[in-house]
Amino acid sequence: MTTELKAVQEFNKVIQDRHSVRKYDPSWKISDEEIKELLGEAILAPSSSNLQPWRFIVITDQELKEKLLPIAYNQQQVVDASAVIAVLGDVEAYRNAEKIYDQAVSTGLMPLEVRNAMVEKITTGYPNMGPERLKEIALVDGGLISMQLMLAAKARGYDTVPMGGYNAEAFHELLQIPQRYTTVMLIALGKAAVEGRSSARLPLENVTYWNGFQD
């Protein structure tokens with residue numbers, strides 16, 4: 001078996017084995033260091049203009065998880081999972097353009113003239129997009145990194161479930177999150193107490209069109 005084929009098979013297994021898990025072993029703890037490693041893998045995800053608008057709040061404190069429980073409509077995984085990772089999106093991520101592109105230049109990834117052109121384009125273009133468009137970009141990029149985080153977790157033998165069911169306003173208030181950041185989702189992370197189940201998927205031919213849309 002070639003190295004390439006083995007890599008494909010291993011990745012395919014991660015994709016096939018990842019299921020949303022809602023029942024966790026509350027005695028299982030994931031170290032802060034391993035969570036950092038997971039997040040380090042997740043932030044390799046792509047983003048609009050490489051502005052990396054994602055921000056994470058890692059919640060491991062049990063008392064704080066108890067406060068979060070009613071905000072998350074009493075989903076038990078909030079208190080039983082090793083951690084709840086809140087994925088946020090920075091709708092003003094364009095303000096970080098200089099820092100990001102300066103780093104690209106200093107590490108030899110980008111010529112200075114390209115950096116200057118990109119920074120000019122971003123800092124003049126993004127602020128004029130309007131709040132709804134900026135939020136949309138942050139949510140799309142937040143979705144990309146959330147999926148990457150869940151796959152990275154599964155590759156390490158951990159389980160996750162994405163949660164969109166929570167009171168976003170109350171969550172912002174609990175964590176004192178500035179309005180600049182929109183909530184993308186909450187992700188429970190831990191070790192399954194009950195194995196996740198497969199769920200039905202529409203046939204590929206029902207969701208795929210070639211060279212045009214057909215209703």
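In this structure, L139 and T183 approach most closely via the heavy-atom pair CD2-O, 3.9 Å. Closest non-hydrogen pair, I145 versus I43, comes out as CD1-CA, 3.7 Å.
Judged by distance alone, the side chains of Q9 and K6 never bring a donor and an acceptor atom under 3.5 Å apart. For the residue pair S82 / Y158, no side-chain donor-acceptor distance below 3.5 Å is found, with atom types taken as modelled.
Look at D159 and K154 and you find a salt bridge, because one of the NZ, NE, NH1 or NH2 atoms lies within 4.0 Å of a carboxylate O, short of that distance. Between E132 and K135 there is no salt bridge, since no side-chain nitrogen of the basic residue lies less than 4.0 Å from a carboxylate oxygen of the acidic one. Checked for salt-bridge contact, K23 and D80 miss the test: no charged N lies under 4.0 Å from a carboxylate O.
Residues I177 and I85 do not share a hydrophobic cluster, clusters being chains of Ile/Leu/Val/Met/Phe/Trp/Tyr side chains in contact below 4.5 Å. Residues V105 and L109 do not share a hydrophobic cluster, defined by chaining ILVMFWY side chains whose heavy atoms lie under 4.5 Å apart.
Between L38 and L189, the closest side-chain pair of non-hydrogen atoms falls below 4.5 Å.
Expressed to the nearest 0.5 Å, how far NE2 of H19 lies from OG of S199 amounts to 8.0 Å.
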Kindly indicate, with the supporting measurements, whether the criterion side chain to side chain donor-acceptor pair (under 3.5 Å) is fulfilled by N50 and Q52. CA-CA 5 Å; N50 194 34; Q52 306 160 55; 3.3 Å; yes
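With hydrogens and angles ignored, the 3.5 Å screen pairs no side-chain donor or acceptor of Y101 with any backbone N or O of R115.
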